[in-house]
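As structure tokens, the structure follows; a few thoughts come after it.
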Amino acid sequence: MVGRLPITALDRKLLRDLWEMRGQAVAIGAVMAAGVVMFVTYLSNFDSLQRTVDTYYERQRFADVFAMLKRAPLSLESDLRAIRGVSVVDTRVVADVTLDVPGLLEPATGRLISVPSRGRPLLNDVFLREGRWPEAGRPDEVLASEVFTEANRMAPGDSITAIINGRRRRLTIVGVALSPEYVFSIRPGEMIPDNRRFALLWMERRALASAFNMEGGFNDISLRVMAGVPVEEVIADVDRLLEPYGGLGAIPRRLQQSAWTLDNELVQLSTFGFIVPAIFLAVAAFVLNVALARALALQRPQLAALKALGYSNRELGWHYFKWALIIATLGSIAGVIVGTWLGAQMIELYNQYFRFPSLDYRLSPGVAATAVALGFVSAAIGAASAVSRAVRVPPAEAMRPESPARYRASIVETPRIQRSLGQGARMVIRNLERQPMRALASVVGIAFGGAILLVGFGFVDAMDVLIARQFNDGMRQDVTVTFVEPRSSSAIHGVAALPGVMSVEPMRAVPARLRAGARSRTLSLTGLEPDPDLNRVIDQEGRPRVLPPEGLVLSRMLGVVLGVGPGDVVHVEVLEGRRPVTPVRIAGIIDDIMGLQAYMDIDALGRLMREGRTVSGAYLQVDPAALEPLYARLKLTPAVAGVAIREAALTNFRDVMAQNMNLTIGINVVFAAIIAVGVVYNAARISLSERARELASLRVLGFTRGEISSILLGELAILTLLSLPCGTLIGYGLGQFIMTIFQNEVYRIPFIVTPATVAWGWLTIISAAALSALAVRRRLDRLDLVAVLKSRE
Amino acid sequence: MFTARGITKVYPMGEMEVHALRGVDFDLFPGEFVVLLGPSGSGKSTLLNILGGLDIPTSGHVVYRDHDLTTAGEAALTEYRREHVGFVFQFYNLIPSLTARENVALVTEITKHPMTPEEALALVGLGHRLDHFPAQLSGGEQQRVAIARAIAKRPDVLLCDEPTGALDITTGVVVLEAIEKVNRELGTATVVITHNAAIAGMAHRVVRLADGNIAGVVSNETRRGAREIEW
Ligand SMILES: Nc1ncnc2c1ncn2[C@@H]1O[C@H](COP(=O)(O)OP(=O)(O)OP(=O)(O)O)[C@@H](O)[C@H]1O
Ligand SMILES: [Mg+2]
């Protein structure tokens, strides 16, 4: 009945051979699947996010240009509307206030945003998740951001207290809302969202305006720009219009905080989605190539016989190529399935970090198809050379007996060593020396497993470095206080007198636009004491930088953005006070870790501002026992706009990063282990098939199982040990490479591995090797002596 | 059918050269049964490989009907082997992962007018071992599968390198009968290499090789049947 099946004898051979080497096939397929999983996971997330973002922005009418200003009369609206290329103008009142949140000791920050008393916002429409809109004429009703209500377990009906101009005002949350402007919502000047302590509160415009003396005016605008009109031109016109009203510089959508963070994340995701799978698939192709080349070497006599029987190179090439394709098919399918599952898990993380009305996971057919195609391409690349080399065997070879392999005494065997080496050890060394390329291929293969593992573990180290730099070396103050308005430096004395304050350092933040030729960035210049103790300027190695008495110190990335370096001059357009415009030399560039920073000596900044020493905030070191009274006082100090707490930020950072990185690192580690096991197991299994005859002969001669195992496994042990340092080197290079690619405006994390990490990596590889060895040992023990010696192959 | 003229074959072996054939002229006529005799290393297998399109000579010409095998490319040689030649290898060269039937099917699937694998195996007396793998067969049985595989395509030429080397009398006779039958009934030109001079009695012609040269050709006036052979 077997004979009736519509399947050729050659295909049957294919299936049986594959079944025979199923362990290896699975190992290779798993490596391939790992690459496909990564690809599907990252790119499906990228795709889902991108789609969600696009529709969200579209539906909620996310603006194209944003600008803040001190105050302008409503009559300016028509002037804004008259700007060429502007189709919609929406003005608002936006104000940051201190919040007293029930159950929260420390003060929180609330951003009050006006919504029209009637109708919906023209731009940046709010999505109401739950509850209702504030009623007209009810100044105490607000919508609160979902992440905030979630973090504080609040619901419509609950209330919070805002400190507005020194007066406590009770606000009732009537609805929970989201906005395309705050997909990623963050307190100004911070890098990681603090959902418990930062709330967006939408309030009816009239009520908000009257609380901040903004009746008949506004301090925030959003614009829609017509398609085809250059945004830069619109921005220039807006800035010109807003200048007399204390405009803080208009920015395009791509630089808007939330959109910018999201963009950076998306770019990172898509880069990661290509680079990492590419590495995995390259390794898979390599392993496949080595495995197939060696498996085909074993099939040499069969190949020759088939050719003698009249099979053409093309037919045989295709036959063996199908081995690879079957492995690729199974690997890709498994990869897509697992990748889809993992992708759905990962989107949950994004749902924590970014907030959309709904973020649904979707695997597009395009991503799935590309993933499968990549699996096939890598398999094809891996198989091509091995197969084409193998089918070139001359058919006459079928007529000859196998000649004994040529061995010689190895170079390391001086007569003295030879005496001290056992017979087994001698065979191990000679075999390795006889086929150095084969040994090298195994070493490189295992080294790749080690390398990827190191990169995976290295990310954990990198996070520790990031935390150490940010929170131990740089931000050493317990509390950062920011003022509503810049104040004279005597305000520092007032802060120093607050309960529990042990030391204080001044800070001056100045909104400014840095311009270098055609490039510009709007940001906040930070004025610090030249060599502060609390908030220090540190580089990636954690070394503090002393600020020069004159000139700017920029993040390297900002230098890149502006296309400037040390000694160059940038034009600083201050967007506050007298709004001076001055050329300033760049005194230094710093390799820092987060954000785009521009630092200056606080006195130099004061001179640039043409004002005396002013401060816009202070860094505090606080007696931990006195935190409670300090917070209570800060909540009620009208001059204080915001309070940032190091401990809270650190906890928050750890939480977010832990969530975010655990999955990524988990994936990396699991897949690195797969590669390691895959490669080692393959190497061991092929050696076993290649040498089954020899080992069986030894058994017949009276060698014990232990003795022949040690010959084969000794070889494996040497290969594994050789691979360890190679893997560390490759991994280090790979890690540097990946981290360099991931340097963006948000993060620039150095790739640093500790000796402990290297040790863990080595340990994992050794365990993987031991596991494979065990599997092979079991096969060796079951070696059927008669069958092995009887068959020619 | 075959006309070979001035065939030499030199194998480079590092500094040395091995002259396997030193200018051999050989003819094979349709339906003829030729036995190649000669001491070990005399070049018998080398000559057979060249006739079978497995190898090309260093110099000289081999023409099969209207095919010039010495100038044929890889593809043409493959085509020639597939269409016209049946091989029985000195070492059985069965595919270990395929059963006896499947090993024969390997050939019947790619040729034009084959027997069924079952017929071919029945011819060599293995009709009852169809679904056994090579590892489950004795050396002689493996050899017979190899012969079944060679004759199943009803080749124009059957080239056998020591087909009975590993067999006892009874099975050897069965195998030789099969070869004889194919030669007689299908008119397949047959070349058999052997060390067993007794088998030479079956041939129309016996060609002796020695040290890469033809040492002598003898035509048998009367041929003996396979059954009459004594080992
Ligand atoms: N691939 C090869 N490389 C080098 N020398 C070879 C090769 N094949 C055959 N020879 C040499 O050519 C000579 C003829 O070999 P061949 O196999 O034709 O002998 P034979 O007559 O078939 O011997 P036997 O009866 O032992 O099978 C021998 O000396 C052999 O060593
Ligand atoms: Mg021979």
Side-chain angles (χ1 to χ4, degrees), chain A residues 1-21 295 298-317 319 323 391-403 406 689 692 784-793, chain B residues 9 45-46 48-50 52-56 74-75 77-99 101-111 116-118 130-131 133-139 142 146 149-150 152-153 155 159 161-162 193:
Chain A
M1 71 255 136
V2 181
R4 300 280 119 68
L5 285 175
I7 167 173
T8 66
L10 207 56
D11 282 338
R12 222 167 282 157
K13 163 171 150 48
L14 169 75
L15 294 178
R16 296 214 181 107
D17 286 343
L18 259 182
W19 180 248
E20 185 56 32
M21 57 179 278
L298 288 175
Q299 296 231 340
R300 239 178 118 79
Q302 293 187 38
L303 258 161
L306 288 169
K307 285 180 83 168
L309 293 178
Y311 281 90
S312 67
N313 282 358
R314 202 177 42 76
E315 285 165 320
L316 291 176
H319 169 70
W323 281 33
V391 297
R392 263 183 262 136
V393 59
E397 198 138 305
M399 304 296 269
R400 276 194 295 275
E402 266 178 307
S403 51
R406 276 180 213 102
S689 344
D784 181 344
L785 299 185
V786 179
V788 169
L789 294 177
K790 189 165 150 188
S791 68
R792 184 165 170 240
E793 275 84 25
Chain B
K9 182 72 187 177
S45 297
T46 305
L48 203 72
N49 288 354
I50 290 170
L54 294 184
D55 217 342
I56 44 175
E74 171 84 33
L77 282 181
T78 301
E79 184 67 20
Y80 163 68
R81 292 196 296 268
R82 176 186 291 214
E83 293 302 323
H84 305 291
V85 187
F87 275 110
V88 178
F89 304 103
Q90 191 165 0
F91 311 92
Y92 332 124
N93 284 83
L94 299 178
I95 303 296
S97 54
L98 295 179
T99 61
R101 188 210 312 258
E102 289 159 356
N103 261 288
V104 179
L106 214 43
V107 167
T108 58
E109 277 167 4
I110 59 167
T111 44
T116 64
E118 291 77 7
L130 294 175
D131 293 322
F133 284 93
Q136 297 166 326
L137 299 171
S138 75
Q142 290 184 52
R149 188 171 65 177
K153 70 164 79 160
L159 304 175
D161 199 339
E162 297 186 40
I193 292 178

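All heavy atoms count here, side chains included; hydrogens, waters and symmetry mates do not. Numbered from 1 within each chain, the chains take letters A, B, ... in sequence-line order.
Closest approach of Ser97(B) and Arg16(A) over heavy atoms only: O-NH1, 2.9 Å. Between Arg81(B) and Ala308(A) the shortest heavy-atom distance is CD-O, 3.4 Å. For Ser312(A) against Arg82(B), the heavy-atom pair with the smallest separation is N-NH2, 4.0 Å.
Taking CG of Leu10(A) as the reference point, atom CD of Glu102(B) lies at 11.0 Å (rounded to 0.5 Å). Considering CZ of Arg12(A) and CD1 of Ile95(B), their distance stands at 14.0 Å, rounded to 0.5 Å.
Here Pro155(B) pairs with Lys153(B), Leu158(B), Thr188(B) under the side chain to side chain contact (heavy atoms under 4.5 Å, CB included) rule; sequence neighbours left out.
Open room surrounds CD1 on Ile56(B); 12 or fewer heavy atoms of other groups in view lie less than 6.0 Å from it.
Of all the listed residues (Glu83(B), His84(B), Arg149(B), Glu79(B)), the one sharing the greatest number of non-hydrogen pairs under 4.5 Å with chain A is Arg149(B).
Side-chain contact between Lys307(A) and Glu74(B) is present, with at least one heavy-atom pair separated by less than 4.5 Å. Inter-residue side-chain proximity for Thr78(B) and Asn313(A) is flagged as unmet; no heavy-atom pair is nearer than 4.5 Å.
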>> Could you walk me through whether Leu309(A) and Asn93(B) satisfy the side-chain contact (heavy atoms from CB on, under 4.5 Å) test, starting with their C-alpha distance in whole Å, then the side-chain angles of each, then the deciding distance to 0.1 Å, before giving a yes or no?
In response: CA-CA 11 Å; Leu309(A) 293 178; Asn93(B) 284 83; over 6 Å; no
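Between the side chain of Tyr311(A) and the main chain of Leu106(B), a donor-acceptor pair closer than 3.5 Å is present.
Proximity to chain A (any heavy atom under 4.5 Å) is shown, for Leu98(B), by both the backbone and the side chain. For chain B, no part of Glu20(A) is nearby; none of its heavy atoms comes within less than 4.5 Å.
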